[in-house]
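The structure under discussion appears below in the form of structure tokens.
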Amino acid sequence: MYQSEAPPHKNLPTMYDLPSEDINEELDSTIHPRPPWETMPTMYDLPSENPEEPGLPDEFHDFQPQLLRETCQSPIYPREEMFIGTDLNLYYDPRHYSWYKRPDWFLVLGVPASEKQEDMRWSYVIWQEGLSPFLIVELLSPGTEAEDLGQTLRSANKPPTKWQAYEQYLRSPYYVIFDRYENRLRVFQLFGTKYQAVELLEPKFWFPELELGVGVWAGKYQGTEGLWLRWYNQDGDWIPTFAERAEQEKQRADKLADKLRALGVNLDEI
């Protein structure tokens, strides 16, 4: 666990300077309640994985979140002001430390990504971060379909279902479900206290808060042809991936080189 502690200020009294009754009062949480981020478990205290949990991800569940991450380029929010979680434990109820969900992909606005490797999150803990996801994406699988779509009833003495956690506890404004087997995109938006399905005329949805849209794209990603979710801009153009941007830069450089050669410039002498 990585922790950094600042040395106490030299002018502050220590336990040797305070009367014992003052020390007892300082430690009494009923007199001086401590903030939750000091008293509640952090991501270092909570399990970050469960080897016995069913539904191990396949290759699609590996590639698809990467494509969403690569193409999530909002003109409003710079990347340093967005946190993207992929298959990460999301702890959502401060009254029940063991309750968590593990979305395939989620986006939080206003929470920065880690700048140093040692600060990278083990899990996303709501009472530590202070903000719920703006968008949660689930990639439908036959074994998870009922819970993803809110068709599973909560059992007695059991944690909330996935749908209930996203809708009632996290209150995430948007919940997106993609079924690649049926090429079906479903979007649910929070109105009041309930998710309502958004009618889509085509498999695309625009998020005005991001000035970005997400839609189903047919193409090849990381060498695999298929149907994929990816982001698009206000002109309807798909946001390029890292590989596509590199290829675009190469093509521009090649065109410039051709123009210079046509003008008689020997590039080998530059």
Side-chain angles (χ1 to χ4, degrees), residues 43 46-74 79 82-92 100-109 111-114 117-125 129 133-149 162-163 165-166 170 172 174-188 203-205 207 210 212-232 238-247:
M43 63 181 174
L46 299 167
S48 59
E49 60 182 347
N50 181 1
E52 298 180 359
E53 193 171 49
L56 293 176
D58 53 16
E59 278 193 297
F60 177 73
H61 282 73
D62 182 23
F63 289 174
Q64 175 61 89
Q66 292 180 43
L67 178 56
L68 284 172
R69 178 186 290 269
E70 283 189 42
T71 58
C72 188
Q73 303 286 339
S74 170
R79 288 300 292 268
M82 299 190 302
F83 174 73
I84 294 174
T86 298
D87 198 29
L88 195 70
N89 280 7
L90 197 166
Y91 289 89
Y92 56 90
Y100 70 88
K101 299 301 176 188
R102 200 176 179 95
D104 290 320
W105 194 92
F106 64 92
L107 170 66
V108 189
L109 302 178
V111 172
S114 304
Q117 190 179 63
E118 58 264 31
D119 296 331
M120 294 178 73
R121 293 166 175 84
W122 295 13
S123 300
Y124 190 88
V125 183
E129 306 284 357
F134 166 79
L135 166 66
I136 296 176
V137 177
E138 291 289 359
L139 309 173
L140 207 63
S141 300
T144 64
E145 180 175 359
E147 184 174 1
D148 288 346
L149 293 172
K162 190 180 294 182
W163 181 282
Y166 299 166
L170 291 171
S172 295
Y174 296 97
Y175 178 32
V176 168
I177 299 175
F178 177 48
D179 182 354
R180 66 185 174 110
Y181 302 102
E182 297 185 4
N183 185 23
R184 186 176 183 186
L185 176 67
R186 277 174 274 204
V187 178
F188 300 91
K204 285 185 173 183
F205 181 77
F207 296 89
L210 299 174
L212 277 180
V214 70
V216 179
W217 166 72
K220 182 178 289 187
Y221 178 66
Q222 295 199 14
T224 303
E225 193 80 30
L227 299 172
W228 307 91
L229 274 187
R230 69 184 292 178
W231 295 92
Y232 63 91
W238 300 108
I239 305 295
T241 64
F242 297 155
E244 290 168 346
R245 284 198 288 272
E247 180 61 26

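Index from 1, following the sequence.
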Tyr92: which residues meet the ring pair (Phe, Tyr, Trp, His ring centres under 6.0 Å) condition with it, sequence neighbours left out? Tyr169
Using a 4.5 Å cut-off on heavy atoms from C-beta on, say whether the side chain of Leu107 contacts that of Met82. yes
By ring pair (Phe, Tyr, Trp, His ring centres under 6.0 Å) - contacts of Tyr174 (at least two apart): Phe134, Phe205, Phe207
Do Asp87 and Pro65 have side chains that get closer than 4.5 Å, going by heavy atoms? no
Under a 4.5 Å cut-off applied to non-hydrogen side-chain atoms, are Trp105 and Val176 in contact? no
Partners of Tyr175 by side-chain hydrogen bond (donor to acceptor under 3.5 Å, both in side chains), sequence neighbours excluded? none
Sequence neighbours excluded, the answer for side chain to side chain contact (heavy atoms under 4.5 Å, CB included) partners of Pro240 is Glu244, Arg245, Gln248
If you compare all heavy atoms of Ser172 against all heavy atoms of Pro133, which two are closest, and at what distance to 0.1 Å? OG-O, 2.9 Å
Side chains of Leu68 and Val214: does their closest heavy-atom pair fall under 4.5 Å? yes
Residues in side-chain hydrogen bond (donor to acceptor under 3.5 Å, both in side chains) contact with Arg186, at least two apart in sequence or another chain: none
Do the ring planes of Tyr124 and Phe83 sit parallel (below 30°), tilted (30 to 60°) or perpendicular (above 60°)? parallel
Would you please name every residue forming a side-chain hydrogen bond (donor to acceptor under 3.5 Å, both in side chains) with Asp148, sequence neighbours left out? Thr144, Lys162
For residues 216-228, dump all side-chain donor-acceptor pairs below 3.5 Å to protein atoms at least two apart in sequence or in another chain.
unit_1, atom_1, unit_2, atom_2, d
Tyr221, OH, Glu70, OE2, 2.6
Gln222, NE2, Gln66, OE1, 2.9
Trp228, NE1, Gly219, O, 3.2

CG-CG distance between Leu185 and Leu140, expressed to the nearest 0.5 angstrom: 11.5 Å
Given side chains that start at C-beta, do those of Ser74 and Leu109 come closer than 4.5 Å, heavy atoms only? no
Under 3.5 Å: donor-acceptor pair, side chain of Arg230, backbone of Thr71: no
Who passes side-chain hydrogen bond (donor to acceptor under 3.5 Å, both in side chains) against Glu138, sequence neighbours left out? Tyr166
Taking the side chain as every heavy atom from C-beta outward, state whether Leu210 and Leu135 have any pair of such atoms under 4.5 Å apart. no
So for atom CZ, which belongs to Arg79, do other residues, nucleotides or ligands contribute more than 12 heavy atoms lying within a distance under 6.0 Å? yes
Side chain to side chain donor-acceptor pair (under 3.5 Å) with Asn89: of Arg121, Arg102, Lys101, only one passes, and it is Arg102
Side chain to side chain, Tyr100 and Ser123, heavy atoms closer than 4.5 Å: no
